[in-house]
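First up is the structure itself, then whatever we jot down about it.
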Amino acid sequence: MRIGNVFIGGNYPVAIQSMTNTPTANVEATVRQILCLESAGCEIVRVSAPDLESACAIEAIRSRIHIPLVADIHFDWRLALESVEAGADKIRINPGNIGAPERVREVVKACAAKEVPIRIGVNGGSLEKDLLEKYGGVTPEALVESAGRHIEMLRRWDFDNICVSMKSSDVGATIRANLLFAEKYDYPLHIGVTETGAPRIGLLKTAAGAGSLLALGIGDTIRVSLTDDPTEEITAARDILRAAGRSENGVNLISCPTCARTKYPLIQIVRELEPMLANVKKKMTVAVMGCVVNGPGEARGADIGVAGGDGCAVLFRRGEILRKIPEDRVIPELMSEIHRIEEEK
Ligand code: SF4
């Protein structure tokens, strides 16, 4: 699936999304926030279009940013039409609350004409009443059935440029719904856990929910919903992708918990090293291990690493020992080897 200049689905990397929290009609503030999100690594941005002024502002916003823009629409199909006209690269609707089928059809026609994909965004908080009654609440089956209904609605007009999200504030329900959906359908999935709360617990809930799905190979775009500055969502999403082994760039740092065998300042070294690795773009694994007994062996998959001795460490590369270095040279030597790997083709 193509969303502006970003491809998702299949073997494409998982794209990181966020959403602005400025009034969309305030073009200056919204563009400023999107540019910050871009610098942080955001790859797709969503803006709410709750009224005509906001939908119309999309044109001006779109001309000043560099990543695809998704318009978030509820209730009023005219806002979806206006957003597509204004250049939105994708729209997110809940076809169930857009109104009569003819209205959904108008939106589908407009999107088809401009090859604009539609995300069907099913949310536990706005599930159809009959499904809530049928399943006795927001269950994974109810979320999947709601998504399926909406897919059918769009397919009725031969529209298949669809991606889907099923989010709930319940982590388990979100995981099971996405697993069920992935067994049944082949549409790209936007994953995340909704209304997660304050930043730390929000990150943990999303890591548990979206992270589990990603580790199983499910999920094509991710948003970490945090009650915080949206830029924080990007850092969190990158960390989750890395932890789930789905990141296409950057360092996966592995380090041991230390034990009685540790005879060099490993904890301090990791504390200082981690922020320095944030700027490394190439995908690689760096290991900082406590001892030579298990170090190179435990971190055999690492591209580069150290295993501590008494006041010193041995540098190893892909399981092979390179040389011994004093403990105060661990960080500079590691960084210089990392840069060397970055320069390799
Ligand atoms: Fe202990 Fe060595 Fe394992 Fe670190 S790598 S936990 S120092 S045995």
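We count ligands from 1, going down the list as the structure has it; atoms in each ligand are counted the same way. FYI, the numbering just counts along the sequence from 1.
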Practice task
Decide whether S18 and E233 meet the rule of one side-chain donor and one side-chain acceptor closer than 3.5 Å.
Solution key: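 Yes, a side-chain donor-acceptor pair sits under 3.5 Å.
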Handout entry: S168 and D170 side chains, donor-acceptor separation under 3.5 Å
Key =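 The answer is no; no qualifying pair exists.
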Handout entry: K324, NZ: over 12 other non-hydrogen atoms inside 6.0 angstrom
Key =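 No, NZ of K324 has 12 or fewer neighbouring heavy atoms, counting only those of other groups under 6.0 Å.
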Practice task
Count the heavy atoms belonging to other residues, nucleotides or ligands that lie under 6.0 Å from NZ of K283, then report whether that count exceeds 12.
Solution key: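 Above 12, so yes.
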Exercise for the section: Specify whether an N/O/S atom of C256 falls short of 2.8 Å from atom 4 (Fe) of ligand 1. Expected result: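 Yes, since at least one N, O or S atom of C256 sits under 2.8 Å from atom 4 (Fe) of ligand 1.
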Exercise for the section: For G290, counting its heavy atoms only, list the atoms of ligand 1 lying under 4.0 Å from any of them. Expected result: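 With G290 as reference, the close atoms of ligand 1 come out as 4 (Fe), 5 (S), 7 (S).
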Exercise for the section: Could you tell me which atoms of ligand 1, counted from 1 in the order shown, lie closer than 4.0 angstrom to a heavy atom of T262? Expected result: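 With T262 as reference, the close atoms of ligand 1 come out as 7 (S).
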Problem - Shortest protein heavy-atom distance from atom 1 (Fe) of ligand 1, along with the residue and atom involved - result: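 Heavy-atom neighbour on the protein nearest atom 1 (Fe) of ligand 1: C259 SG, 2.3 Å.
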Exercise for the section: Could you tell me the residue and atom name of the protein heavy atom closest to atom 2 (Fe) of ligand 1, and the distance to it rounded to 0.1 Å? Expected result: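 So the nearest neighbour among protein heavy atoms is C291 SG, 2.4 Å.
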Practice task
Before accepting this row, confirm whether a basic side-chain N of the pair E28/R64 lies closer than 4.0 Å to the acidic partner's carboxylate O.
Solution key: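 Salt bridge between E28 and R64, a charged N being under 4.0 Å from a carboxylate O: yes.
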Practice task
Give a yes/no on ligand 1: does V293 have at least one heavy atom closer than 4.0 angstrom to it?
Solution key: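 In this structure, V293 fails to qualify as a contact of ligand 1 - no heavy atom is under 4.0 Å.
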